[in-house]
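All ligand and atom numbering here is 1-based and tracks the order in the structure.
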Amino acid sequence: MNRLGVLSIKDVLNYNYCPRIVYFEYVLRIPQRRTVKEDAGLEAHNNFVPRAKRNRMEKRLTYDKKLFNLPLHSPKHNLQTVVDCILIDSKENMAIPMQFKRGKAPSCLYRTMKFQLVAEALLIEECLGFSCPFGLVKFLPEEKTLRTEIGFEQKEELKYQLCKINDVVRSEMYPEGPKTQNFCTDCCYFNKICQGYES
Ligand code: SF4
């Protein structure tokens with residue numbers, strides 16, 4: 001969330017990790033501390049996306065335009081992001097968000113990666129007017145691309161989550177914790193201001 005209260009995809013990912021992170025960060029105003037590992041990952045990503053531009057895109061996709069690092073903002077959903085890459089098929093009025101990730105591709109996309117693509121699809125549809133039926137994550141240097149379908153259900157779930165995040169901030173109500181206590185051990189608030197799962 002920026003100083004004007006506009007949410008980012010990071011807020012959606014945090015909420016999916018544990019709703020209390022949103023509470024600590026925006027109600028109690030205790031910022032998350034990035035770990036050394038996250039700092040290194042962010043720096044690597046920033047250096048990595050320009051190199052990814054030079055890689056071959058999906059051969060089987062039809063597109064006539066590609067945009068990189070495009071900022072998008074939806075006042076309606078109070079959400080903004082910068083999309084790594086958008087492949088546009090003008091004839092079909094279709095646009096596909098593509099994220100670039102470093103490292104080995106998993107056997108299927110993680111929930112966080114899928115939600116990031118759903119959020120990007122929602123913003124592309126609203127800001128650019130294209131339909132956005134699926135999204136891609138390209139893992140480099142392996143050059144493996146994984147795809148997820150983006151339908152009505154996924155977009156509605158994301159809109160619901162955005163409402164819940166805004167509710168936590170506006171109501172200042174302490175939300176429920178994560179789905180499993182395994183998430184707590186990697187959380188920057190653990191054993192500082194939060195005792196974890198059952199507290
Ligand atoms: S320690 Fe656990 S319950 Fe507390 S904010 Fe972190 S993930 Fe959520």
Side-chain angles (χ1 to χ4, degrees), residues 1-46 48-49 71-74 76-84 97 99-123 135 137 139 146 148 150 153-199:
M1 181 184 282
N2 66 11
R3 61 190 170 79
L4 299 175
V6 181
L7 300 178
S8 69
I9 287 177
K10 176 177 162 261
D11 298 316
V12 177
L13 302 184
N14 280 339
Y15 183 84
N16 273 280
Y17 191 89
C18 175
R20 289 180 186 172
I21 293 176
V22 172
Y23 178 88
F24 291 137
E25 189 150 30
Y26 301 127
V27 178
L28 299 189
R29 298 189 178 278
I30 303 168
Q32 266 185 293
R33 265 196 217 99
R34 282 208 303 261
T35 61
V36 173
K37 195 171 148 194
E38 285 170 329
D39 279 340
L42 185 62
E43 192 184 338
H45 184 79
N46 291 341
F48 167 72
V49 170
L72 296 174
H73 171 224
S74 161
K76 183 175 162 190
H77 298 298
N78 191 34
L79 180 67
Q80 66 179 10
T81 196
V82 178
V83 186
D84 282 350
Q99 296 166 23
F100 298 115
K101 305 275 185 208
R102 286 174 82 237
K104 193 167 163 43
S107 55
C108 61
L109 288 180
Y110 300 134
R111 181 178 163 84
T112 49
M113 293 169 182
K114 286 183 185 172
F115 264 103
Q116 186 168 347
L117 286 169
V118 175
E120 290 172 355
L122 197 69
L123 287 166
V137 180
F139 294 87
L146 296 181
T148 188
I150 302 170
E153 206 175 295
Q154 288 86 358
K155 284 179 225 161
E156 288 304 301
E157 188 176 346
L158 177 74
K159 287 179 199 171
Y160 175 76
Q161 289 181 5
L162 291 169
C163 288
K164 297 293 279 182
I165 296 169
N166 283 313
D167 278 352
V168 170
V169 177
R170 285 192 199 116
S171 71
E172 302 190 353
M173 295 279 283
Y174 191 54
E176 288 184 9
K179 292 188 175 64
T180 155
Q181 60 186 345
N182 295 344
F183 287 14
C184 296
T185 44
D186 280 339
C187 175
C188 67
Y189 296 120
F190 185 52
N191 274 343
K192 294 190 175 73
I193 53 167
C194 184
Q195 297 312 306
Y197 187 58
E198 289 300 336
S199 58

Examine distances only and state if a side-chain atom of Tyr15 and a backbone atom of Gln161 form a donor-acceptor pair shorter than 3.5 Å.
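No, because the side chain of Tyr15 does not come within donor-acceptor range (under 3.5 Å) of the backbone of Gln161.
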
Those atoms of ligand 1 less than 4.0 Å from some heavy atom in Cys18:
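Close to Cys18: 3 (S), 5 (S), 7 (S), 8 (Fe).
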
Between atom 6 (Fe) of ligand 1 and Cys187, is there an N, O or S atom separated by less than 2.8 Å?
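Cys187 does place an N, O or S atom closer than 2.8 Å to atom 6 (Fe) of ligand 1.
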
Measuring only between side-chain heavy atoms, which start at C-beta, is Glu120 closer than 4.5 Å to Ile9?
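Yes; the side chains approach each other to less than 4.5 Å.
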
Taking side-chain contact (heavy atoms from CB on, under 4.5 Å) as the definition, give me every residue that meets it alongside Glu172, ordered by chain and number, with sequence neighbours left out.
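Counting only residues at least two positions away or on another chain, Glu172 forms a side-chain contact (heavy atoms from CB on, under 4.5 Å) with Val27.
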
Measure Pro178 to ligand 1 on non-hydrogen atoms and call it side chain, backbone, both or neither using the 4.0 Å cut-off.
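Side chain only; the backbone of Pro178 stays clear of ligand 1.
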
Who pairs with Lys179 by salt bridge (Lys or Arg N to Asp or Glu O under 4.0 Å), at least two apart in sequence or on another chain?
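Applying salt bridge (Lys or Arg N to Asp or Glu O under 4.0 Å) to Lys179 gives none.
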
